[in-house]
Amino acid sequence: MRIGELSKRTGVPTRMLRYYEEQGLITPRRLGNGYREYDEYLIDRVHKIRGLLDAGVPTRIIGDMLPCLNQGPEIIVADPDPKLREMLLAQRDKMTERIAFLEQNRDALTRYIEAMDIAGRVLPARGAR
């Protein structure tokens with residue numbers, strides 16, 4: 001597929017997909033005419049990259065993590081880098097904090113919606129007499 005199709009199927013703008021390519025996060029094949037061709041598996045990879053970026057993980061760490069993204073639950077690391085491990089621990093801790101914050105906000109929204117529903121049953125709608 002071409003970059004426009006990958007963009008449409010992932011919801012990621014073409015400019016961002018080119019950035020992912022510059023960072024070595026995705027690699028299209030080159031056709032004989034020089035056009036880039038993006039394989040189907042890149043749809044899933046782009047979603048994973050986008051999710052990690054949205055979670056605050058920088059592209060330099062995502063690049064190191066890429067080999068693990070498509071592995072099963074048992075990941076084998078041949079040459080562990082202690083500095084990378086420390087960065088990953090810090091990112092995981094930040095992500096955990098963000099998840100807790102999002103859960104608190106979700107729960108607050110739920111309580112507010114429930115309160116609105118109760119108020120709607122008790123009070124007549126505005127303008128009703």
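We number each residue from 1, following the sequence as shown. When reading the values below, keep in mind they use all heavy atoms of this one structure, side chains included, and skip hydrogens, waters and symmetry mates.
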Just by distance, with hydrogens left out, do Tyr20 and Arg50 show a side-chain donor and acceptor under 3.5 Å apart? yes

Less than 4.5 Å apart, any side-chain heavy atom of Ser7 and any of Val12? no

Give the cluster check for Ile113 versus Ile118: same hydrophobic cluster or not, with ILVMFWY residues linked at side-chain heavy-atom distances below 4.5 Å. no

Same cluster (ILVMFWY, side-chain, under 4.5 Å), Leu102 and Tyr112: no

Look up atom CD in Glu37 and atom CG in Leu31, then write down how far apart they are to the nearest 0.5 Å. 5.0 Å

Report the distance from atom OG1 of Thr14 to atom NZ of Lys8, rounding to the nearest 0.5 Å. 12.5 Å

Sub-4.5 Å side-chain heavy-atom contact between Glu21 and Thr27: no

Do Leu89 and Ile99 sit in one hydrophobic cluster, given that two such residues count as connected whenever their side-chain heavy atoms are within less than 4.5 Å of each other, even indirectly? no

Could Asp107 and Arg111 be called an ion pair, given the rule that one side-chain N must be under 4.0 Å from one carboxylate O? no

In the structure I gave you, are the side-chain heavy atoms of Gln91 and Pro58 within less than 4.5 Å of one another anywhere? yes

Gln23 and Thr59 have their tightest heavy-atom pair at OE1-OG1, 3.7 Å

Hey, does Leu109 have a side-chain heavy atom less than 4.5 Å from the side chain of Arg106? no

Heavy-atom check, side chain of Glu40 versus side chain of Met1, under 4.5 Å: yes

Is the shortest distance from a Lys or Arg side-chain nitrogen in Arg92 or Glu97 to a carboxylate oxygen in the other one below 4.0 Å? no

Does a side-chain heavy-atom distance below 4.5 Å link Arg36 with Ile3? no

Spacing of Ile26 atom CD1 and Ile49 atom CD1 [to the nearest 0.5 Å]: 6.5 Å

Should Val57 and Leu88 count as side-chain neighbours, where that means a heavy-atom distance under 4.5 Å? no

Side-chain touch Arg30/Tyr35, heavy atoms, less than 4.5 angstrom: no

Interatomic spacing from CZ in Arg60 to CE in Met65 - rounded to 0.5 Å: 12.5 Å

Within this structure, what is the CD1-CG distance for the pair Ile43 and Leu6, rounded to the nearest 0.5 Å? 6.5 Å

When rounded to the nearest 0.5 angstrom, what distance separates CZ in Arg29 from CG in Leu42? 9.5 Å

